[in-house]
Amino acid sequence: MLPRPTSHSKALGPGVAGPELAVATSAVQAGPPKASAQQPLSGADSFMVDPHCIADPARQHTQYPYVTGTSVLGIKYKDGVLVACDTLGAYGSTKRYKSVERIKKVNDHVIIAASGELSDFQHIIKLLDELTTDDFRADDGISLGPQEVYAYLCRVMYNRRNKMDPLWNSLIVAGIEPPHAGASAEDVSTSDVTFLGMVGMIGTHYSDSHVTTGFASHLARPLFREAQADDMSEEAAVALMHEALRVCYYRDKQSMNKFQLAKVTKEGVSISEPYALDVQWDFKMFSQPTKWAVGAW
Amino acid sequence: MDLNAFGRGAAQACSNSKMSDAEPHTGTTIVACTYNGGVVLGADGRVSTGNYVSNRASNKIMQLTDNVYLLRSGSAADTQAIGDYVRYFSEQLAGELGDDPSVQTIANLVGTMNYNNKNMLMGALLVAGFDKHSGGQVFGVPIGGTIVPEKWAIDGSGSTYIWGYMDSAWKPDMTREEAEGFVTEALALAMARDASSGGVIRTVTLDKDGATMRYVGGNEVPLFHEELQPPAAAAAGTASMVVG
């Protein structure tokens, strides 16, 4: 008498006959390895360098970030929106690339900034360039607004997450909705059309009057909650931003005192040249902190 | 386990890592530096398999086109494969253009390969070249596939020892001689302290007139503290012979 083959489901435990799991787990193969001598076992074509052609669904690509950017900060103000971040590309604990632009202009109405893996950000820029190039070729006076870029990126990030192959970034999308065809910019109040949103690497997203990524979420958001208002003046907004950037520089080890500030208003987009902030180190207690506590540090 | 020091943490954390002790790595120092009129690139010559030096005079400078070179560090096999692919693509491109491709195009090819095969490759590369559009240029292409244009760049396990030297000694608008001395000194300092780098120093200088290769043999590499200059070859033979 031949033993009846039982199918064991990992979910049910050993020695139990049950339905196969819908998705093949790593220990269970969908079928025997391909017999072809020239094909790699993963199922990819020889000399194929595009991972999207690798057909094996059980292949897992979850990555590890190598070259990373730290916090990005964004706030709304009276005339539009401000986004700022530093220009450091860190390689683990090494402050490796010191002139990296982490804020990019998408078109005259939208900017995008990223923290996390810089190669994935460069890839996202390529995707957005495809969209803006299509807009340019259509030549109908219509260009993407920040809400559309935000929605598009939400879908991109979430779908990559579902494939266990995330783009390792936290993105900030900021801008002013372009006026509808036939309308002029003056018809609409700025506060109705300003947009500021955040998309995370697993597709989590929200929009608010102030958004941050990374360390700034802990350090800068409290300052923004206290002092940011949608109708604040530009001077007050820039001063608040500088205060937040300063705190991030003091307290984030993967940061540097070299920042770029980007502004989107109805007039368009401007991204500043890098500049440094004044920092305060002349506290009396800083020069001799252990004067009355010998042995401490 | 002479992994590229930068990649070590990443390799341990990455579950797809296929790093084994036996796989040959270019534990390495590579340096590239632009100057007023061109670019100088240099590399050491040591390839190690575990603690064994499998090649003591390797050439880590790979020519991609007449005017663009690739400096390799990380997995020896991965970087050779990337270099071969990019050399093939560049040849096709040069044929289509009827002219040398720009350095930026080639750097983007290298970066695209690194990025699209992120989970399989472990290559930290420098692309350096000279083209008529923008003169001497250096692009860093670290693991992961980011592409970063730089005035000077270093990579490899030995580069960790010379960040301080590079930061303090580099200045803009160097002459050709200053740049060549700068690169050679940087490599010698790294080789003095990194066990994974050593052997010979190879440099290539690229300007509008083409490429000049220099080779500094292991006994002529500049030495620093508590190291002894090896005697000249003939004298060593007779001095150490004991007739008994």
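Chain identifiers are assigned alphabetically (A, B, ...) following the order of the sequence lines, protein sequences preceding nucleic acid strands; residue numbering begins at 1 within each chain. Just so it is clear, the structure is predicted and the values come from calculations on it, not from any experiment.
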Legend entry - Other residues, nucleotides, ligands: >12 heavy atoms within 6.0 Å of B/Tyr88 OH: no
Legend entry - Over 12 foreign heavy atoms within 6.0 Å of NZ, A/Lys258: yes
Inset, instruction - Could you check if a side-chain atom of B/Glu150 sits within less than 4.5 angstrom of a side-chain atom of A/Lys98, using non-hydrogen atoms only? - result: no
Inset, instruction - Check whether any side-chain heavy atom of B/Thr112 sits under 4.5 Å from a side-chain heavy atom of A/His123, and report yes or no. - result: no
Inset, instruction - Tell me, yes or no, whether the heavy-atom count around B/Phe224 atom CZ, taken from other residues, nucleotides or ligands under 6.0 Å, exceeds 12. - result: yes
Inset, instruction - Give, for atom CE of B/Met122 and atom OH of A/Tyr66, the distance between the pair rounded to the nearest 0.5 Å. - result: 5.0 Å
Inset, instruction - Give a yes or no on this: more than 12 heavy atoms of other residues, nucleotides or ligands lie within 6.0 Å of atom NZ of A/Lys105. - result: yes
Inset, instruction - List the steps and the verdict of side chain to side chain contact (heavy atoms under 4.5 Å, CB included) for B/Tyr115 and A/Asp120. - result: CA-CA 8 Å; B/Tyr115 182 70; A/Asp120 286 338; 2.6 Å; yes
Inset, instruction - Please report the closest heavy-atom contact between A/Ser119 and B/Gly145, naming both atoms and the distance. - result: CB-C, 3.5 Å
Legend entry - Test item: A/Arg96 and B/Pro142 side chains (from C-beta on) under 4.5 Å apart, heavy atoms: yes
Inset, instruction - Could you go through the side chain to side chain contact (heavy atoms under 4.5 Å, CB included) check for A/Tyr91 and B/Ile143 one step at a time? - result: CA-CA 10 Å; A/Tyr91 194 78; B/Ile143 302 171; 3.6 Å; yes
Inset, instruction - Ignoring hydrogens and angles, tell me if any N or O in the side chain of A/Glu117 forms a donor-acceptor pair with the backbone of B/Gly144 under 3.5 Å. - result: no
